[in-house]
Amino acid sequence: MLYHLIEQQLHAALRQILPDAATAAVLVRPCADPNFGDYQTNALMALAKARKMNPRQLAADVVAKLDVREWCEPVEIAGAGFLNFRLRPAAVTAALRTARAAGHPFVARAASPRTVVVDFSSPNVAKPMHVGHIRSTILGDCLARTLRLLGHRVITDNHLGDWGTQFGKLLIGWKRHLDTAALRRDAIAEMERLYKLVNAASEADPAVLEAARQELVRLQAGDAENLAIWREMIALSQTQFDTIYARLGVKFDQTLGESFYNPRLRAVVAELVAKGIARESDGAQVVFFDDLPELKAHPTIVQKSDGGFNYTTTDLATLAYRLETWSPDEIIYVTDGRQQLHFRQVFAAFGRWQSAIPKLAHVWFGSILGEDGRPFKTRSGDTIKLADLLDEAEERALRVVSEKNPDLPPAGQREIARIVGLGAVKYQDLLPNRQSDYVFSWDKMLALSGNTAPYLQYAATRIQSIFRKGDIQNPEFGIQDSELSAAEELKLAKHLLNFGLVVEAVAEEYRPNYLCNYLYELAGHFTAFYEHCPVLKAGGADRARRLALCDLTGRVLRQGLGLLGIETPERM
RNA sequence: GCGCCCGUAGCUCAGUUGGAUAGAGCAUCUGCCUUCUAAGCAGAGGGUCCCGCGUUCGAGUCGCGGCGGGCGCGCCA
């Protein structure tokens with residue numbers, strides 16, 4: 001990648017001037033304003049400041065030692081000490097030629113691949129998946145795909161909520177009120193009905209609450225009947241999850257729910273106690289963090305006073321299992337922001353328990369708010385089911401498709417509507433900064449114009465259309481030494497070069513919105529090119545080169561959308 | 001009370017080690033389909049980046065203090 005080569009040369013030059021400088025912080029980034037050039041570095045100013053040097057003088061000294069003639073016009077020193085690099089067109093065409101031969105154009109595989117566990121989605125058994133599950137699922141899937149493209153070994157794990165106190169109420173409901181016909185029709189809806197029924201009843205009648213507690217105790221003690229019912233509830237739920245995941249194109253390498261770790265919990269606590277990490281307090285076993293100021297006031301319980309375990313215990317057992325099973329370099333948790341304190345506690349406790357721990361990342365996202373700006377209530381009944389959201393998305397897309405393409409056969413229209421509708425939902429979810437709360441709105445979630453997936457898909461289909469119209473199957477076109485004659489070609493080409501930079505940033509900061517914005521800009525550059533530069537009607541070298549640009553743009557768009565988990569139709 | 005996050009155009013939001021003249025989409029307005037798909041393109045208007053002080057050559061970004069909102073804080077997950 002050109003920016004990387006420039007960066008390396010810059011580091012070499014800097015070492016000649018300041019041998020002890022930390023070059024890792026000296027980055028070459030795309031210019032904020034193309035008027036300044038293609039790439040810039042601002043780090044010399046910071047470096048000069050730290051050493052009380054004259055920044056412009058330092059810049060001049062470094063430039064004197066810097067040799068980037070192969071790729072750049074003469075380097076400019078601007079303002080307080082910016083270095084601006086402008087690519088030579090010949091270097092751009094050379095980079096495009098290299099990319100056309102590459103399996104994944106403009107993306108460099110990681111020099112040292114790492115093993116990364118990604119924990120995401122984690123829906124609860126016996127409950128419908130609702131809009132609240134979409135962010136974790138889509139975000140986690142995107143991060144997994146991104147890390148894989150960069151050459152890392154990724155293990156995705158769906159940590160199902162398949163154990164816990166809710167099963168007491170569910171068991172009561174199953175035994176007393178089960179409607180088997182309704183269960184056959186829609187198992188999740190029936191289980192949800194049972195839960196709500198018993199939940200309401202236990203609020204009114206303490207005897208029901210006590211009965212539910214007893215059922216839970218029997219389940220935990222291994223009662224055969226309760227275990228059988230519990231297993232059936234899991235199996236029925238898994239069918240629903242599988243349907244949703246198939247629709248979303250999300251795959252898991254592992255589905256190890258909370259219950260998988262039950263047999264390990266006692267030993268975890270025993271070890272924590274033996275090592276003096278946990279101690280008894282008010283009848284419970286508790287881990288205190290007296291030496292950590294931010295957690296001093298927030299101890300965490302690993303065994304309740306009634307002897308039961310909780311999610312901190314389960315999460316610690318899960319970490320230990322992952323460590324011994326896969327020896328990961330990193331474990332990523334994708335959950336909402338309300339669990340920040342919990343994960344700080346788990347990570348801190350785990351750090352005391354185990355000597356060598358991998359990088360632990362809690363990738364959190366904001367809450368979903370209702371249209372009124374109030375938090376979305378999960379228990380109040382007006383939760384929007386994920387399946388309904390996806391249905392609505394496909395229906396809205398179908399209306400547009402049938403209007404725009406009335407001549408396509410219905411099955412073709414539905415397939416396009418499926419890809420466009422699901423793409424719109426996913427993109428809308430990945431576009432905002434993940435840490436912002438978002439206000440749920442049908443219109444916003446399902447928008448099909450502007451900065452949306454359909455815009456990107458549309459650009460990709462226009463490219464496909466060119467190849468169809470030109471009847472170009474095995475393209476023998478290529479980029480000769482001819483110049484990129486139009487300004488739009490050069491802009492498009494230069495933007496393509498930065499794809500890998502963005503993919504790496506997504507993986508490093510766990511922020512797919514960087515990729516969304518990059519692809520939106522790419523599609524914008526392509527559209528400008530498309531409006532101004534005829535491809536099929538151009539002749540000779542222009543035509544060949546523009547076809548090559550179309551091909552590369554199409555590949556990057558499809559690859560980028562693929563990282564977001566979004567498909568691209570042939571036409572739309 | 002303590003902690004985390006947020007406050008940027010009418011609305012929804014971006015804003016990459018602090019960096020150059022703060023950007024999109026939607027909405028509004030003006031043009032563009034006889035040329036590879038108008039789900040598009042070109043252009044216009046629209047800003048006290050919540051307020052104040054500070055650090056800095058330079059602050060939407062960092063620090064401190066306010067104001068407003070969301071979330072969390074030992075036996076749910």
Side-chain angles (χ1 to χ4, degrees), chain A residues 24-27 29-33 35-36 40-43 45-46 49 55 78-82 84 122 124 161 163-166 258 281-286 294-295 297-306 308 310-312 314-315 335-342 344 364 366-367 369 373-375 397 400-401 403-405 420 431-433 435-439 441 443-444 447-452 454-455 457-459 461-470 501-502 505 508-509 511 513-514 516-517 520-521 524 527-528 530-538 546 550 571-572:
Chain A
V26 178
L27 303 178
R29 296 282 99 126
C31 280
D33 183 338
N35 290 322
F36 298 131
Q40 65 182 73
T41 187
N42 312 326
M45 290 181 285
K49 182 181 200 164
F82 298 93
N84 289 330
S122 310
N124 291 318
W163 195 252
T165 51
Q166 73 270 26
E258 291 167 358
S281 169
D282 292 336
Q285 293 298 335
V286 182
E294 71 276 16
L295 290 178
H298 301 287
T300 185
I301 289 174
V302 292
Q303 184 168 28
K304 299 186 284 184
S305 53
D306 67 1
N310 63 10
Y311 71 141
T312 300
T314 308
D315 280 348
T335 83
D336 74 80
R338 287 175 298 194
Q339 298 191 42
Q340 284 177 86
L341 176 59
H342 167 65
R344 277 207 298 272
W364 60 270
S367 318
L369 307 177
R374 302 287 308 153
V400 178
V401 174
E403 180 193 324
K404 306 271 182 191
N405 302 293
V420 168
L431 178 61
N433 180 328
Q435 291 177 328
S436 339
D437 290 344
Y438 77 64
V439 175
S441 133
D443 287 337
K444 188 182 154 194
L448 301 176
S449 63
N451 187 356
T452 63
Y455 178 82
Q457 291 166 327
Y458 185 62
T461 57
R462 282 173 142 185
I463 293 171
Q464 291 304 102
S465 180
I466 289 174
F467 287 104
R468 259 199 315 275
K469 275 271 162 59
L501 195 66
V502 173
E508 268 163 40
E509 297 185 41
R511 293 192 186 279
N513 61 310
Y514 291 167
C516 295
N517 287 321
Y520 180 66
E521 287 165 9
T527 307
Y530 183 88
E531 298 278 336
H532 291 94
C533 306
V535 178
L536 295 175
K537 291 189 180 64
R546 287 174 182 175
C550 286
R571 66 184 82 213
M572 60 188 278

Kindly point out which of [options] is positioned nearest to the side chain of [X]?
X: A:S449; options: B:C13, B:A77, B:A39; result: B:A39
X: A:L27; options: B:G25, B:U17, B:A77; result: B:U17
X: A:T165; options: B:C76, B:A20, B:C13; result: B:C76

Mind checking who [N] pairs with, Watson-Crick or G-U wobble, both distances under 3.5 Å?
N: B:G45; answer: none
N: B:C26; answer: B:G10
N: B:G40; answer: B:C32
N: B:C76; answer: none
N: B:C4; answer: B:G70
N: B:G58; answer: none

At 4.0 Å (heavy atoms only), tell me whether [X] reaches a base, stays on the sugar-phosphate, or touches nothing.
X: A:Y455; answer: sugar-phosphate
X: A:N84; answer: base
X: A:Q457; answer: nothing
X: A:V401; answer: base
X: A:S367; answer: nothing
X: A:A25; answer: base
X: A:A78; answer: base
X: A:D33; answer: nothing

Rounded to the nearest angstrom, tell me the gap between atom [atom1] in [X] and atom [atom2] in [N].
X: A:L536; N: B:C36; atom1: CG; atom2: C1'; result: 5 Å
X: A:Y514; N: B:C13; atom1: OH; atom2: C1'; result: 15 Å
X: A:N42; N: B:U16; atom1: CG; atom2: C1'; result: 11 Å
X: A:R468; N: B:U37; atom1: CZ; atom2: P; result: 8 Å
X: A:R344; N: B:C4; atom1: CZ; atom2: C1'; result: 6 Å
X: A:L448; N: B:G25; atom1: CG; atom2: P; result: 16 Å
X: A:W364; N: B:C6; atom1: CH2; atom2: P; result: 6 Å
X: A:E521; N: B:C41; atom1: CD; atom2: P; result: 14 Å

Phosphate contact ([N] OP1 or OP2) by [X] side-chain N/O below 4.0 Å:
X: A:N513; N: B:G15; answer: yes
X: A:K304; N: B:C76; answer: yes
X: A:K404; N: B:A39; answer: yes
X: A:Y520; N: B:A24; answer: no
X: A:N517; N: B:G15; answer: no
X: A:R462; N: B:A38; answer: yes
X: A:Y311; N: B:A77; answer: no

Quiz item: Would you say the side chains of A:R344 and A:Q339 form a donor-acceptor pair under 3.5 Å?
Solution: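 On atom types as modelled, these side chains do not qualify, holding no pair under 3.5 Å.
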Quiz item: In terms of side-chain heavy atoms, does A:Y311 have a donor or acceptor partner in A:E258 at a distance below 3.5 Å?
Solution: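 Absent: no donor and acceptor within the cut-off.
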Quiz item: Does any donor-acceptor pair link the side chain of A:K49 with the base of B:G18 at a separation under 3.5 Å?
Solution: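 Checked by distance alone, the answer is yes.
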Quiz item: Taking atom types as they are modelled, is there a donor-acceptor pair under 3.5 Å from the base of B:C13 to the side chain of A:S436?
Solution: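 Side chain to base: no pair below 3.5 Å.
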Practice problem: Working to the nearest 0.5 Å, report the span between CD1 of A:I301 and CD of A:Q285. | Solution: 10.5 Å
Self-check item: Between CZ on residue A:R29 and OG1 on residue A:T41, distance to nearest 0.5 Å
Solution: 9.0 Å
Can you check the distance between [N] and [M], where both ends of the measurement are the [atom1] atom (answer in whole Å)?
N: B:A9; M: B:G45; atom1: C1'; value: 11 Å
N: B:G63; M: B:G18; atom1: P; value: 11 Å
N: B:A14; M: B:G23; atom1: C1'; value: 7 Å

Exercise. Answer syn or anti for B:C26, where the cut-off is 90° from 0 on the glycosidic torsion.
Key: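 This nucleotide is in anti.
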Quiz item: Is the distance between the ring centroids of A:F36 and A:F82 less than 6.0 Å?
Solution: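 For A:F36 and A:F82, the ring centres are not under 6.0 Å apart.
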Quiz item: Quick one: does A:E531's side chain have a donor or acceptor within less than 3.5 Å of a partner on A:A528's backbone?
Solution: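 Flag not set: sc A:E531 to bb A:A528 has no pair under 3.5 Å.
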Quiz prompt | Pi stacking test for A:F36 and B:A20: under 5.5 Å apart, planes under 30° | solution = yes
Self-check item: Contact summary for A:R546 and A:A538, nearest pair of heavy atoms
Solution: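 What the structure gives for the nearest pair is NH1-CB, 3.9 Å.
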